[in-house]
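Only one structure is covered here, and it is reproduced in the block below.
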Amino acid sequence: MKYDSAYSKAAEAATYLGRYLLRYKKVELGLILDAIGDGAAVLDYGCNDGWVSRQIKRRKPKCQVSGADINPSALETARRRQGGIDYFDARNGDLDGKTFDVVILSHVLEHVHARHDLLHRVSGLVATEGRLVICVPQERIRGDSTLIPWAMNVVRGRFVNPHVVVLRHEELVSLLHDVGFELDHSAYTNLIWPRVSQRRGLQSHSLIVQARRKTVPAPVAGQ
Ligand SMILES: C[S@@+](CC[C@H](N)C(=O)[O-])C[C@H]1O[C@@H](n2cnc3c(N)ncnc32)[C@H](O)[C@@H]1O
């Protein structure tokens with residue numbers, strides 16, 4: 001998939017529909033905000049035009065919010081809309097050595113073949129006591145929640161589905177486990193009532209999980 005300005009605009013349009021038509025973007029945002037303490041350092045990894053980053057900064061002004069993406073055009077748009085947020089290019093070493101209290105991967109993992117490598121890299125950006133928040137679509141048919149970017153590709157003669165996988169709960173927990181994280185909390189957002197549930201249904205839009213570093217059991221005295 002080519003993450004260029006056309007993709008960025010298509011993803012932005014999809015987010016717009018998700019905010020105003022079906023409103024699932026606002027339900028997801030509520031769950032993401034629940035994971036963020038006041039004053040936390042937050043990284044929105046795969047931020048596209050920075051809508052999620054800006055909402056976090058608006059709702060939690062004491063937080064130090066940063067965004068990162070591999071698409072230079074998306075970063076240019078995000079920087080233009082700014083709002084007190086630092087943006088980093090995820091392709092170079094800008095983020096090396098930095099850590100954050102909360103790292104968000106919202107609708108990113110399903111785009112990536114090398115998910116294990118990406119999670120490994122991103123987990124290194126989470127502070128010791130920090131949280132990883134991951135949001136992945138729960139599609140019935142892979143790509144059914146990415147119709148605008150998908151249709152745009154067809155128009156351009158590139159029959160590429162932007163989503164390379166549908167990640168279910170078990171697979172996500174196993175990926176997290178592999179990079180040293182354990183599940184703290186999870187919930188599904190739904191397109192109709194109830195907008196948030198613990199069980200996945202046909203109407204589910206996404207799965208949001210919060211994870212923290214696995215706790216190492218303290219050594220038993222005398223051993
Ligand atoms: C569907 S958009 C999600 C935007 C935003 N996070 C949201 O929830 O609305 C997917 C974003 O992931 C970015 N992306 C894809 N692969 C990535 C990678 N390996 N590292 C960082 N960002 C990536 C794309 O450039 C795009 O901006």
Side-chain angles (χ1 to χ4, degrees), residues 1-33 35-36 42-57 65-79 81 85 87-96 98 100 102-125 132-139 142-153 160-167 175 179 189 205-209:
M1 179 76 210
K2 197 163 178 232
Y3 293 103
D4 54 10
S5 85
Y7 177 83
S8 178
K9 289 279 166 254
E12 195 181 335
T15 302
Y16 192 84
L17 285 185
R19 273 149 54 195
Y20 298 109
L21 193 61
L22 295 166
R23 299 179 69 84
Y24 53 79
K25 217 57 199 167
K26 297 194 172 176
V27 182
E28 282 179 356
L29 180 67
L31 292 174
I32 291 172
L33 289 168
I36 302 174
V42 181
L43 175 65
D44 177 17
Y45 197 96
C47 60
N48 195 39
D49 66 314
W51 181 77
V52 172
S53 314
R54 289 193 299 280
Q55 295 308 309
I56 296 169
K57 187 70 191 170
V65 183
S66 304
D69 207 286
I70 52 168
N71 183 349
S73 166
L75 287 171
E76 203 184 304
T77 307
R79 286 187 181 120
R81 297 182 186 164
I85 298 156
Y87 288 104
F88 299 97
D89 190 329
R91 298 167 306 171
N92 59 31
D94 283 0
L95 288 165
D96 289 356
K98 293 194 172 20
F100 301 84
V102 182
V103 178
I104 299 156
L105 275 173
S106 168
H107 292 273
V108 178
L109 266 189
E110 70 278 7
H111 292 257
V112 179
H113 285 284
R115 290 178 288 285
H116 193 277
D117 293 348
L118 176 66
L119 260 190
H120 184 69
R121 171 168 155 64
V122 167
S123 65
L125 299 169
L132 196 50
V133 179
I134 301 180
C135 180
V136 282
Q138 294 301 293
E139 299 170 314
R142 178 167 59 89
D144 73 16
S145 73
T146 186
L147 289 180
I148 295 179
W150 197 88
M152 180 207 70
N153 272 334
V160 185
N161 187 336
H163 292 179
V164 299
V165 69
V166 180
L167 283 168
L175 271 172
V179 296
T189 68
H205 172 68
S206 61
L207 165 65
I208 302 196
V209 306

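In what follows, every heavy atom counts, from backbone to side chain, and hydrogens, waters and symmetry copies are set aside. Both ligands and their constituent atoms are indexed starting at 1 by order of listing. Please read these numbers as outputs of a predicted model, since none were measured by experiment.
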Salt bridge or not between K25 and E12? Use side-chain N to carboxylate O under 4.0 Å. no
Taking distance alone, with no angle check, do G46 and ligand 1 share an N/O pair under 3.5 Å? yes
Before signing off on this row, confirm whether Y7 and ligand 1 have an N or O atom pair separated by under 3.5 Å. no
If you draw a 6.0 Å radius around CH2 in W51, do more than 12 non-hydrogen atoms from other residues or ligands fall strictly inside? yes
Would you say NZ of K2 has more than 12 non-hydrogen atoms from neighbouring residues, nucleotides or ligands within 6.0 angstrom? no
Filtering K25, E28, E110, H107 for the heavy atom nearest atom 9 (O) of ligand 1 leaves K25
Which of parallel (below 30°), tilted (30 to 60°) and perpendicular (above 60°) describes Y7 and H111? perpendicular
For [atom], the protein heavy atom that lies nearest, with its residue and separation:
{"atom": "atom 25 (O) of ligand 1", "result": "D69 OD1, 2.6 Å"}
{"atom": "atom 16 (N) of ligand 1", "result": "I70 CD1, 3.5 Å"}
{"atom": "atom 19 (N) of ligand 1", "result": "V112 CG2, 3.9 Å"}

Identify, by atom number and element, the atoms of ligand 1 in contact range of S106, meaning under 4.0 Å from any of its heavy atoms. 3 (C), 5 (C), 6 (N), 7 (C), 8 (O)
Does even one non-hydrogen atom of W51 get within less than 4.0 Å of ligand 1? no
